[in-house]
Amino acid sequence: MAVAVTMIVLAAVLGRASAAEEDGWKLRQGFYEQSCPRAEQIVKHYVEQHVPHAPSVAATLLRTHFHDCFVRGCDASVLLNGSNGDEAEKDSAPNLTLRGFAFLDRVKALVEQECPGVVSCADVLALAARDAVGVIGGPFWRVPTGRRDGRVSLKQEALDQVPGPTMNFTDLLTSFQSKGLELPDLVWLSGAHAIGIAHCDSFSERLYNFTGRGGSSDADPSLNPVYAANLRRTKCATPTDNTTIVEMDPGSFLTFDLGYYRGLLKSRGLFQSDHALLTDAAARADVKSVASGPPEVFFQLFARSMVRLGMVDVKTGGEGEIRRHCAVVNG
């Protein structure tokens, strides 16, 4: 599927993304214009003040928003702590490396100080992720607001529903489609890996134990052998390394650009799920097309898919609550 085919108007948000409208409620631009007119400005100001000093926060906020939307919809359930002995989404393996919870708590506290009990944690997260990407030079997208916060967060649901780094294309697409997203969204949202980092243990099997034989000779043949050898030599020196961090777009991981897609075409995608994009003809065509074009095209496509992501299974109206503190449900 060529890029030209996927250039659809941002307003065309379909499927489960329109569930809120079907219920008589919907997200909208300026939802807080009357109830908390400075809400978006407060979030933006804090992000612009702090992200330049810690630009890697942009990636973690974006990843947190993505992981949140894939479990129970975009309801900030990923921000909840476990309670009564039960572990929450943030305790699951896909979320153990998420950072930024304290950052979001500080933003929420400022918004609460301005307008107590009005602005949801889900909206704070969606806005902060957008604004942080903008600070590091990435695309801008409109964030309709009016989300409400969920009251349930379960570790197992995150394990079952957050797409994993070892997924093949069929499983990835099935995962996305279960959330009302489609193949183009899978390709463009994967582009967030341009600013991503990963721990060695999330892809070490590709370096040391792809078929089960073990050793450096048992590397994934779809991974560029020179790149793989360099990773073993300079980053992931042992198969059991679970602390070393690797840039997903080496050399420009703090720049939102086309390096990720261009690396994919050189067989330098870090995850199996990255390489999986090249195993489907339509996805591969999209990757090749965007990689050879101007960044502005990718920015538009990524922005469109972020709007769609941010509408997944949202809670609105009388659903959920407006948490006073993002880590705990209201008492």
Side-chain angles (χ1 to χ4, degrees), residues 27-83 88-91 95 97-136 141-153 158 306 309-331:
L27 306 185
R28 66 174 186 271
Q29 291 292 128
F31 182 87
Y32 299 111
E33 279 181 345
Q34 300 299 318
S35 58
C36 191
R38 293 186 62 245
E40 294 192 26
Q41 180 185 347
I42 291 170
V43 175
K44 187 171 187 288
H45 177 74
Y46 188 87
V47 169
E48 290 180 340
Q49 187 177 27
H50 291 86
V51 169
H53 304 292
S56 63
V57 169
T60 198
L61 292 177
L62 192 57
R63 183 168 172 243
T64 301
H65 182 39
F66 178 88
H67 283 209
D68 179 47
C69 292
F70 261 73
V71 183
R72 293 183 172 266
C74 309
D75 68 347
S77 55
V78 74
L79 306 183
L80 283 171
N81 292 334
S83 60
E89 291 172 36
K90 64 168 60 171
D91 301 308
N95 295 330
T97 55
L98 290 180
R99 300 175 294 114
F101 297 118
F103 183 99
L104 291 164
D105 286 343
R106 290 192 291 271
V107 179
K108 171 65 170 173
L110 291 172
V111 176
E112 281 292 299
Q113 184 177 343
E114 177 82 7
C115 310
V118 174
V119 181
S120 69
C121 296
D123 278 342
V124 168
L125 174 55
L127 290 165
R130 187 271 311 275
D131 292 340
V133 169
V135 167
I136 65 168
W141 60 93
R142 296 188 180 278
V143 177
T145 46
R147 298 167 186 80
R148 290 174 66 84
D149 298 323
R151 298 189 180 97
V152 177
S153 183
M306 284 302 304
L309 173 69
M311 299 286 282
V312 170
D313 289 342
V314 294
K315 294 173 177 61
T316 60
E319 299 175 298
E321 64 182 9
I322 304 297
R323 273 183 239 141
R324 291 186 292 272
H325 189 288
C326 293
V328 295
V329 297
N330 296 337

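Contact annotation: the side chain of Pro144 approaches that of Gln29 to within less than 4.5 Å [non-hydrogen atoms, C-beta and beyond]. Contact check for Val135 versus Pro55: no side-chain heavy atoms found under the 4.5 Å cut-off. Side-chain atoms of Met306 and Leu62, non-hydrogen and from C-beta on, do get closer than 4.5 Å to each other. Taking the side chain as every heavy atom from C-beta outward, Cys69 and His65 approach each other to under 4.5 Å.
Between the OG1 atom of Thr316 and the CG atom of Asp75 there is a distance of 12.0 Å, given to the nearest 0.5 Å. Atom CD of Glu321 is separated from atom SG of Cys121 by 8.5 Å, given to the nearest 0.5 angstrom. Between Arg147 atom CZ and Ser120 atom OG the span is 7.5 Å, to the nearest 0.5 Å. A distance of 11.0 Å separates CG in Asp123 from SG in Cys36, rounded to the nearest 0.5 Å. Considering NZ of Lys108 and CG of Asp105, their distance stands at 10.0 Å, rounded to 0.5 Å. Interatomic distance, CD1 of Ile322 versus CG of Asn330, reported as 9.0 Å (0.5 Å rounding).
Across every non-hydrogen atom of Gly150 and Leu80, the tightest pair is O-CD1, 3.9 Å. Across all non-hydrogen atoms, the minimal contact from Val119 to Ala39 is CG2-CB, 3.8 Å. The two atoms that bring Phe101 and Val78 nearest to each other are CE2-O, 3.8 Å, heavy atoms only. The two residues Asp68 and Ser77 make their nearest non-hydrogen contact at OD1-N, 3.0 Å. Closest approach of Tyr32 to Val118, counting heavy atoms only: CE2-O, 3.3 Å. In terms of heavy-atom proximity, Cys74 sits nearest to Ala122 at O-CB, 3.5 Å.
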Step-by-step side chain to side chain contact (heavy atoms under 4.5 Å, CB included) determination, Val152 to Val329:
CA-CA 9 Å; Val152 177; Val329 297; over 6 Å; no
With side chain to side chain contact (heavy atoms under 4.5 Å, CB included) as the criterion, how do Val312 and Phe70 come out once you've worked through the C-alpha distance, each side chain's angles and the decisive distance to 0.1 Å?
CA-CA 8 Å; Val312 170; Phe70 261 73; over 6 Å; no
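Glu40 has no carboxylate O lying under 4.0 Å from a charged side-chain N of Lys44, or vice versa, which leaves the two without a salt bridge.
Distance alone, capped at 3.5 Å, is enough to place a donor-acceptor pair between the Glu112 side chain and the Gly117 backbone. Between the side chain of Asp131 and the backbone N or O of Ala128 there is no donor-acceptor pair closer than 3.5 Å. A donor-acceptor pair under 3.5 Å is absent between the side-chain atoms of Arg63 and the main chain of Asn95, judged by distance alone. Of the possible donor and acceptor atoms, one in the side chain of Arg323 sits under 3.5 Å from a partner among the backbone N and O of Cys326. A distance-only check finds a donor-acceptor pair linking the side chain of Lys90 to the backbone of Leu79 [under 3.5 Å]. The backbone N or O of Lys315 sits nowhere less than 3.5 Å from a side-chain atom of Arg148 that would complete a donor-acceptor pair. Thr60 contributes a side-chain N or O that, together with a main-chain N or O of Arg99, makes up a donor-acceptor pair within less than 3.5 Å.
Heavy atoms from other residues, nucleotides or ligands lying under 6.0 Å from CD of Gln34 number 12 at most.
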